[in-house]
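All heavy atoms count here, side chains included; hydrogens, waters and symmetry mates do not. Below, chain A is the first sequence line, B the second, and so on; all start at residue 1.
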There are 2 protein chains.
Amino acid sequence: MSAGHTEVTTPDPELFFDPSEECGIREVLDRIGDKWSVQVMVELSRGVRRFRELQRALPGGISQRMLTLTVRRLERDGLVARTVYPTVPPQVEYELTGLGWSLARLVRSLADWSREHRAEMADFRHQWDEAHRGAAE
Amino acid sequence: MSAGHTEVTTPDPELFFDPSEECGIREVLDRIGDKWSVQVMVELSRGVRRFRELQRALPGGISQRMLTLTVRRLERDGLVARTVYPTVPPQVEYELTGLGWSLARLVRSLADWSREHRAEMADFRHQWDEAHRGAAE
DNA sequence: CCGTATCCTGGTGGATACTG
DNA sequence: CAGTATCCACCAGGATACGG
């Protein structure tokens with residue numbers, strides 16, 4: 001049936017978020033919802049990286065400023081460990097902590113979901129655009 | 001040992017993101033990374049909601065404009081179904097689609113992760129702030 | 001190499017007013 | 001009630017220059 005029409009499954013009773021509110025969603029999203037945090041984690045999931053390596057590896061090109069800010073925040077939250085070798089020139093290595101890896105696992109599942117459903121979503125968007133053509137302008 | 005020092009676990013070899021890149025992360029985050037999409041989905045996971053209900057339910061107070069934009073995008077992506085009852089005054093109902101529920105499950109796991117680790121992260125932040133006190137004027 | 005300090009722009013989202 | 005249309009403020013993030 002593919003994406004024939006907007007089917008609606010019955011809600012899984014166990015799934016409901018507790019109405020006691022502030023379920024914690026905002027806190028995570030404030031950490032991974034920004035432009036670079038997740039990409040940095042993804043790259044670090046491939047191994048230890050130095051500052052420049054990290055910067056060069058990120059697609060789209062991150063500025064030094066943003067890489068610093070991003071990596072500092074990740075460090076502060078305990079997701080990334082920063083190791084400074086007092087050499088000259090200075091050398092700094094970044095790697096995921098245990099906490100970082102546990103979050104990376106979830107990030108991974110999000111990525112998997114995305115790839116699994118991207119065709120379906122593209123389908124929906126196409127339908128929607130089709131149905132709403134002519135309305136605007 | 002709690003969060004004694006920044007421990008680093010060995011990377012799970014199976015976890016690595018495929019280096020073929022554009023793993024799909026950005027696509028999901030572009031959908032759930034904004035201020036309201038997830039909150040709307042969370043509320044809709046509790047049941048069918050009308051426009052105003054949705055607006056009143058969201059903590060922080062969303063503007064009509066943003067609620068419209070958010071809900072339209074979710075609809076366009078096939079995550080939310082919109083049903084219009086041609087009554088007067090008009091009545092519109094929103095609910096999660098199958099696709100929406102599948103994403104909601106992941107959102108839920110993010111929320112769970114957050115609650116499970118928020119203490120640990122707070123701990124880390126406290127340590128970090130402690131260690132970096134005095135550096136900045 | 002690894003940052004920090006400034007400056008500046010674009011886009012997200014709020015406030016408000018108006019329609020069907 | 002359920003939107004649409006405008007206008008506007010704020011700040012995430014880019015560009016650039018400088019420092020340890």
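Of all nucleotides listed (dA2(D), dC1(C), dT4(C)), dT4(C) comes nearest to the side chain of Gln64(A). Taking the side chain of Arg50(B) as heavy atoms from C-beta on, and the options dC1(D), dG3(D), dC1(C), the nearest nucleotide is dC1(D). For Arg56(A), the listed nucleotide lying nearest its side chain is dC1(C); candidates were dG13(C), dG13(D), dC1(C).
For Gly24(A) against Ser114(B), the heavy-atom pair with the smallest separation is O-OG, 3.0 Å.
For Leu67(A) and dT4(C), the CG to P distance is 11 Å, given to the nearest whole Å. Rounded to an integer number of Å, the gap from CZ of Arg72(A) to P of dG13(D) is 17 Å. With rounding to whole Å, Tyr85(B) atom OH is found 18 Å from dG3(D) atom C1'. Spacing between atom CE of Met66(A) and atom C1' of dA5(C) amounts to 15 Å, rounded to whole angstrom units. Between the CZ atom of Arg49(B) and the C1' atom of dA2(D) there is a distance of 17 Å, rounded to whole Å. For the pair Gln55(B) CD and dG13(C) P, the computed distance is 16 Å after rounding to whole Å. Rounded to an integer number of Å, the gap from NZ of Lys35(B) to P of dC10(D) is 13 Å. The separation between Leu69(B) atom CG and dG11(C) atom C1' is 13 Å, rounded to whole Å.
Ring orientation note: the planes of Trp128(B) and His132(B) are close to parallel, at an angle under 30° on the 30°/60° scale.
Phosphate proximity of dG3(D) to Tyr94(B): present, with a side-chain N or O under 4.0 Å from OP1 or OP2. Under 4.0 angstrom from either OP1 or OP2 of dC18(C) there lies no side-chain N or O belonging to Arg65(B). For Arg82(B) and dG3(D), the shortest distance from a side-chain N or O to OP1 or OP2 is below 4.0 Å.
The residue among Ile62(B) and Glu53(A) whose nearest nucleotide of DNA chain C is located toward the 5' end is Glu53(A). Checking Gln91(B) against Asp34(A), the closest nucleotide of DNA chain D that is more toward the 5' end is the one next to Gln91(B).
Residues Ser109(B) and Asp112(B) bring no donor and acceptor atom of their side chains to less than 3.5 Å of each other.
Looking at Arg82(B), its side chain never comes within 3.5 Å of a backbone N or O of Glu75(B) through a donor-acceptor pair.
At a threshold of 4.5 Å between non-hydrogen side-chain atoms, the residues Gln39(B) and Ile25(A) do not count as touching.
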